[in-house]
Amino acid sequence: MGQKPKISALSFISLFTLMLSRLKTGSVATRSLASTGRFLLRPTMARSLPAQHKIIRSYGQDQSSTAEKETIAKLLYNIGSRKEVEQYLRHFSSVESQKFAVIKVGGAVLTDELDTLASALTFLNRVGLYPIVLHGAGPQLNRLLEDANVEPQYNEGIRITDAKTLEIARKVFQQENLKLVEALERHGTRARPIPSGVFVADYLDREKYGYVGKIKSVNKSGIESAIRAGTLPILTSLAETPDGQILNVNADVAAAELATVLEPLKIVFLNEKNGLYHGVTGKKIDVINLDEEYEDLLKEPWVKYGTKLKIKECKELLDRLPRSSSVAIISAGHLHKELFTDSGAGTLIRRGHKLFKYDALDKIDPDKLRHILEAEDPAIKSGQTSVASYLRDLQQKKVNVYMDEPGQVLAVVTQDPTVADAPAVLEKFVTNKTAALNNVPDNLWTNIKKDHPALTWEITKEEEDGNLDKSWHFERAEGSLRNPHTGKTLFFYGIEGADKVKKTFDGFSGRRQFSTYAQQRRGYSTQSRKNVGLIGARGYTGRELINLIDSHPHLNLTHVSSRELEGKPLEGYNKEKLTYVNLKPQDLKDHDEVDAWILALPNGVCHPFVHQIEQDVKDGKLQDKSLIDLSADYRFEESWTYGLPEFNREKLAGATRISNPGCYATGAQMSIKPLLPFIQSPPTVFGVSGYSGAGTKPSNKNDPAFLKDNIIPYALTGHIHEREVSYQLGTPIHFTPHVAPWFQGIALTVNIPLNKSMSSRDVKDLFSEFYQNEKLVKIIEGEPPLVRDIAGKHNVSIGGFGVQADGKRAVIVTTIDNLLKGAATQALQNLNLSLGFDEYAGIPSQ
Ligand SMILES: *[C@@H]1O[C@H](CO)[C@@H](O)[C@H](O)[C@H]1NC(C)=O
Ligand SMILES: *[C@@H]1O[C@H](CO)[C@@H](O)[C@H](O)[C@H]1NC(C)=O
Ligand SMILES: *[C@@H]1O[C@H](CO)[C@@H](O)[C@H](O)[C@H]1NC(C)=O
Ligand SMILES: *[C@@H]1O[C@H](CO)[C@@H](O)[C@H](O)[C@H]1NC(C)=O
Ligand SMILES: *[C@@H]1O[C@H](CO)[C@@H](O)[C@H](O)[C@H]1NC(C)=O
Ligand SMILES: CC(=O)N[C@H]1CO[C@H](CO)[C@@H](O)[C@@H]1O
């Protein structure tokens, strides 16, 4: 699963602004729900949203202010794209409040992760959701029993509860219940303790187990009343007999009973291990689709004891509930990620859908087929084509049709029999929103991939805005190409070799896939090459860019512009003979063949170029271009996309105005971002760069003689990268740069005061997880990374992970080549993303 791009504080706030404005205008689902009177989003939102908006001011000295900030920071860290969040939020808000989620909290979580839990629940409440929380208290009870010299007794996994045990249990439950309620109130969330009165039970078997209950019915009135009053209901698993005798019930069982009565969308079991684990590989299981996998799973030798019981219980529970319900097993700290992202974080168990594959159209229920096409296919919805004519065209081809049982997802794969080894074409992939939110498309995809080793598919602009967004396709493709004229993107996987890729691209001109191979025989069209112009080619970064473009499979350099070098031949570029020119802003309109301009100019001088291009585009003299600016001029500009792909990938795909981050700024942000939710006070960044960072204009700072046996501190406060990092991270940092006698490479030592105590391992694990799928980030265990090892490399190395004895300060050591990942390589990642190429195209692997 690809690393999800993180949303920035700004887009987070604008998400809420957006929701607020929708709320005001009464669009989206909120109106109808609000008018039926069962929708409780309104008061909470009205209270909390403006506050999110100006957190600092409105909460002022309010004690909940820091907690609130921390909550939001944690969310930012956890969550995926804004679109995903919005979708899930709407999905969750589309049902009555009490049907959102039942969250079962294990007793240990109350002891070890109380604060994390309270902040997770607070966040849900802030966005207008009312999870119903039911907690156990097993470990606490055992401790007290031990103190009271009572030996805990179990029979078939059930705690035997005598009078003494029950007396202690009742006290413990009340204490723990209050503890959670108080923690929530401290976070500014209103909560109501409901330690009893919900579950009505009989004795399970009085002889055998003593005061243990078997739940007969659930009285929802206390829960409903709490939610009506705008408070979170906090339940224990204690039950009563009709005549008032208290009985002990296993909390998992009570949660399942509650879920059966309420039929929530989500049933969450919070555990500390963050999911279920595969017995052989030791890997966390992402998803279990019971309908497809249950029988095989139970046959696995490693599925036994607790795991088996859990899976069986979930199956029994889910079989009673609507298909849209699912069980999530997750830790408190990852709850948001599980709830609000497609990739999730823990283990998701759901019934899923049975999936079918047909090799002929007449084997499919025609109504089902028609229904999904009419509901979800853009071409058919817009009247461009009819279902009947689409199906008639399909008759001519060799097809595989994939569908789920209820007909919510449809995929059509065709193969052209007249062309030898033509890759299969995914002609259609449509899903309705409900299915998309339940990951049905992913399951279908798994089957398609099994059947087709190579596949190509195109996505139109309309489809990009559909229920599966562009990033979904990017994550599943090995390569892609955007056609700026039609707005379509071509995706593919399994196509090996430059020749075949070229063939695939050649036919991609916005016409139907089937013309691809016919057209190819007539010669090579130019779609797969892009032309790049470099303005300000003189600096070291310009040089690195020229090297990279020289070996890039799909980019041609067409212009190198430098005032000083005008007329001189360009050296080090082998694809073609080029001569330096001196381009002025008004010259660019004569070079419409350029697809992207890279501006590698000093700070403060690119504005005339950008302005002129935009004017010429406006006047119709020029097609719009991708612009990548390496200076600091647009790094604070909201209409430009900040080009740190590891954090901003989704926005960068197809972006045309990209500001490339500073070198120190890249290293510093990558060192701080994973710890962002835990920052106590401003981190301090001590940075040392080789003198290539000081540019080519002669000065002490790039004079090797002056630097010999020396190091020069400069810009002790207020360096532009200090502002850049603070702005991008949304929290102030302190930064002091130095120049040292080596040529290229930066070492950063970053001190981060922490807000909660962590071990070195915690910090390392946090970074490993955060960057787990990043090709260009290397996490270094043990000795900190050294600058000499990074020079000439395209990666960033992050290590150190020193932690002060009290766990309250972490020290991260990061190395980065200032000319490569700190500038040119990053620019190339951005260029690739902007032009629709694979992000890493042309970046040599090491
Ligand atoms: C950090 O967390 C602690 C509780 O663990 C809280 O008291 C403090 O206010 C938080 N600080 C920030 C800056 O979020
Ligand atoms: C449910 O509990 C409420 C009090 O919380 C009580 O008034 C009501 O009668 C109970 N309902 C049933 C069906 O027992
Ligand atoms: C998706 O399809 C199912 C089955 O046809 C239907 O119950 C559900 O309401 C649909 N969801 C949406 C959002 O259209
Ligand atoms: C790109 O460079 C190659 C190699 O020099 C050349 O053959 C090709 O024509 C160029 N492509 C374009 C579009 O200029
Ligand atoms: C460094 O980056 C390259 C891509 O240039 C990648 O192939 C390689 O795996 C990375 N190396 C390490 C050690 O992470
Ligand atoms: C169009 C293009 O440049 N595609 C390339 C993107 O990068 C991948 C991986 O390097 C190449 O395989 C593609 O050819």
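Just so we're clear, the structure is a prediction, and the values are computed from it rather than from any experiment. Indexing begins at 1, ligand by ligand and atom by atom, following the structure's order.
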* **Ser221 to ligand 2, any heavy atom closer than 4.0 Å** => yes
* To do: Return yes if a side-chain donor-acceptor contact under 3.5 Å exists between Thr161 and Thr165, otherwise no.
  => no
* Validate the cation-pi geometry between Arg126 and Phe123: distance from NZ or CZ to the six-membered ring centre under 6.0 Å, angle to the ring axis within 45°. => no
* Asked: Among side-chain atoms of Asp451 and Tyr402, is any donor-acceptor pair under 3.5 angstrom?
  -> yes
* To do: Decide if the gap between the ring center of Trp472 and the ring center of Trp457 is smaller than 6.0 angstrom.
  => no
Every pair of nitrogen or oxygen atoms between ligand 3 and the protein that is under 3.5 angstrom apart - can you list them with their distances to 0.1 Å?
{"unit_1": "ligand 3", "atom_1": "2 (O)", "unit_2": "Asn432", "atom_2": "ND2", "d": "2.3"}
{"unit_1": "ligand 3", "atom_1": "11 (N)", "unit_2": "Asn432", "atom_2": "ND2", "d": "2.9"}
{"unit_1": "ligand 3", "atom_1": "11 (N)", "unit_2": "Thr434", "atom_2": "OG1", "d": "2.6"}

* For Asn289 and Asn443, does a side-chain donor sit closer than 3.5 Å to a side-chain acceptor? -> yes
* **Cation over ring face, Lys99 and Phe92, 6.0 Å, 45°** => no
